[in-house]
There are 2 protein chains.
Amino acid sequence: MKNTATRDKLIDSGAQLISQQGYNATGINAVLKTCGVPKGSFYHYFSSKEDFGLAVIERFAASYDETLMALLEDNDTPPLERLKRYFAAGREHMHECDHATGCLIGNLGQELSGQSDTFRDALNLVFQRWEQRFVRCLEDAQTRGDIATHSPPEALASFILTGWEGAILRAKTLKSVEPMEHFEKILFQQVLVPSS
Amino acid sequence: MKNTATRDKLIDSGAQLISQQGYNATGINAVLKTCGVPKGSFYHYFSSKEDFGLAVIERFAASYDETLMALLEDNDTPPLERLKRYFAAGREHMHECDHATGCLIGNLGQELSGQSDTFRDALNLVFQRWEQRFVRCLEDAQTRGDIATHSPPEALASFILTGWEGAILRAKTLKSVEPMEHFEKILFQQVLVPSS
DNA sequence: CCTAAAGTAGACCAGTCAGTCTATTGCTTT
DNA sequence: AAAGCAATAGACTGACTGGTCTACTTTAGG
């Protein structure tokens, strides 16, 4: 399995379609059609649709984790500013996709975690990795005295991730980033504040 | 269409299955099997699966709105206490379903708002109705001086609803209500506080 | 009591699903 | 050059999808 170009094409098309329509609504044939790959190749690289779905998750998570790291662990920028940039990037992406796709991991978490434990575990790990990035950024902010809250950074990180995911979901049904703006505003006005 | 017993059975079974597996993963035949209704009856009451799905949403929303009203507009209870009871009820439900179903409207919002505008509109309306209930409860709290925040109650309501929905999503993938507890704790410790 | 409509019943349809199968092509190693 | 494997290619399968069709049973109204 040296030639990964075909495999990559499949995963790219799959990620795109699954982002738009969800996992169950995306057929393998549709993926094959959009990238012009025959079925024989698909089952050469993946043992099943589930296997393929996990590969899509893995790849998305890896690529997303890179941008997350670049944003949240940029030590030249104050930690709260890094968070703001992260939110701004999310809002921008939401505009770009016309409020249609949102967050692939969030989508699949909603759709599949009740359907398959394998998927649930994989998605849970991705979320936990993201949370760790938030934790580190929040710890930075706490040691610098930028935030005064005594809440443990783990709880804050969970709060931020869930709030943001929920805001993305709401933005999708509302077709507007307004819920994301509300979340960010209240978060920085009342939760991540310097003096208690 | 006088006899609504069969129709109700279909909607009940549909709501249950869709809650567990999602809309796309739930086949009409599966619904028919679980409630022992023949296909002829299904298409007598509903013109299509989409029509059926909308009926399921409508019914769930109506029934849920009743409990929401009972909890959030109980004037014998302080507004913040009402909110706490709402969150407690949500956590309890999450335990009961073994962290598997979560919120039907949230699930469908994630799965379908990119797939069909009809569904998106219906789900958006439900969310907006819920937000209105929160707004009224928060206004109560503000006029009583229970919360000091100057944020408009509409923004706070959006913040609470999205945060809660996100926490439910995270609870599903984590199989634990911990994210819901984190959300509630930080919300009452740092956002809905009496003295600024 | 008869007629018409409401509702029940399930066989059936075309299309699609994930997945299998065999055949062929291209590349690498010996 | 030959052998062997990676990869391509797509026809094909059985199961299942949402939806249609016709026949039958029950109920309601005149």
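Convention: sequence-line order gives letters A, B, ...; per-chain numbering from 1.
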### Task
Any chance you could lay out the salt bridge (charged side-chain N to carboxylate O under 4.0 Å, His left out) test for A/Glu131 and B/Arg170, step after step, and finish with the verdict?
CA-CA 11 Å; A/Glu131 258 176 34; B/Arg170 189 73 189 85; 3.2 Å; yes
### Task
Find the distance B/Ile28:CD1 to D/dT17:C1' and express it as a whole number of Å.
8 Å
### Message
Between C1' on D/dT17 and NZ on B/Lys33, what's the gap in Å once rounded to a whole number?
### Response
15 Å
### Summary
Among C/dC17, C/dA6, D/dT8, the one nearest any side-chain atom of A/His44 is D/dT8
### Task
Please state how far atom CD in B/Glu50 lies from atom C1' in D/dT17, giving the value in whole angstrom units.
16 Å
### Task
Identify whether any heavy atom of A/Gly40 sits under 4.0 Å from a base atom; if not, whether one sits that close to sugar-phosphate; answer base, sugar-phosphate or nothing.
base
### Query
Taking OP1 and OP2 of D/dT8, is either one under 4.0 Å from a side-chain nitrogen or oxygen of A/Tyr45?
yes
### Message
Any side-chain N or O of B/Asn29 below 4.0 angstrom from OP1/OP2 of D/dC16?
### Response
no
#### Entry: Between P of C/dC17 and CZ of A/Phe52, the distance in whole Å
14 Å
### Query
C/dG7 phosphate, OP1 or OP2: any side-chain N/O from B/Thr6 under 4.0 angstrom?
no
### Query
Just one of B/Tyr23, B/Tyr43, B/Phe46 clears the ring pair (Phe, Tyr, Trp, His ring centres under 6.0 Å) bar with B/Phe52, so which one?
B/Phe46
## Note on the structure
Exactly one candidate in A/Leu72, A/Asp146, A/Leu83 meets side-chain contact (heavy atoms from CB on, under 4.5 Å) with A/Leu138; the answer is A/Leu83
### Summary
Taking C/dA18, C/dG7, C/dG10 as options, the one with an atom nearest any side-chain atom of A/Lys49 is C/dA18
## Note on the structure
Of A/Lys84, A/Arg85, A/Arg91, the one forming a salt bridge (Lys or Arg N to Asp or Glu O under 4.0 Å) with A/Glu184 is A/Arg91
### Query
Base, sugar-phosphate, or nothing: which does B/Thr26 touch, judged by heavy atoms less than 4.0 Å apart?
sugar-phosphate
### Message
Taking atom types as they are modelled, would you say the side chain of A/Lys39 forms a donor-acceptor pair with the base of C/dG19 within the 3.5 Å cutoff?
### Response
yes
### Query
Is the closest basic N to carboxylate O distance between A/Arg120 and A/Asp117 below 4.0 Å?
yes
### Task
Specify the separation, in whole Å, of atom CG of A/Leu32 and atom C1' of C/dT16.
13 Å
### Rounded distance (Å) that lies between atom P of D/dA11 and atom OH of A/Tyr43
17 Å
### Query
Just how far, in rounded Å, is C1' of C/dC21 from CZ of A/Phe42?
17 Å
#### Entry: Rounded interatomic separation in angstrom, taking CZ from B/Phe46 and C1' from C/dA6
15 Å
### Query
Taking the nucleotide of DNA chain C with the closest heavy atom to each, which residue, A/Asn24 or B/Pro38, is nearer the 5' end?
B/Pro38
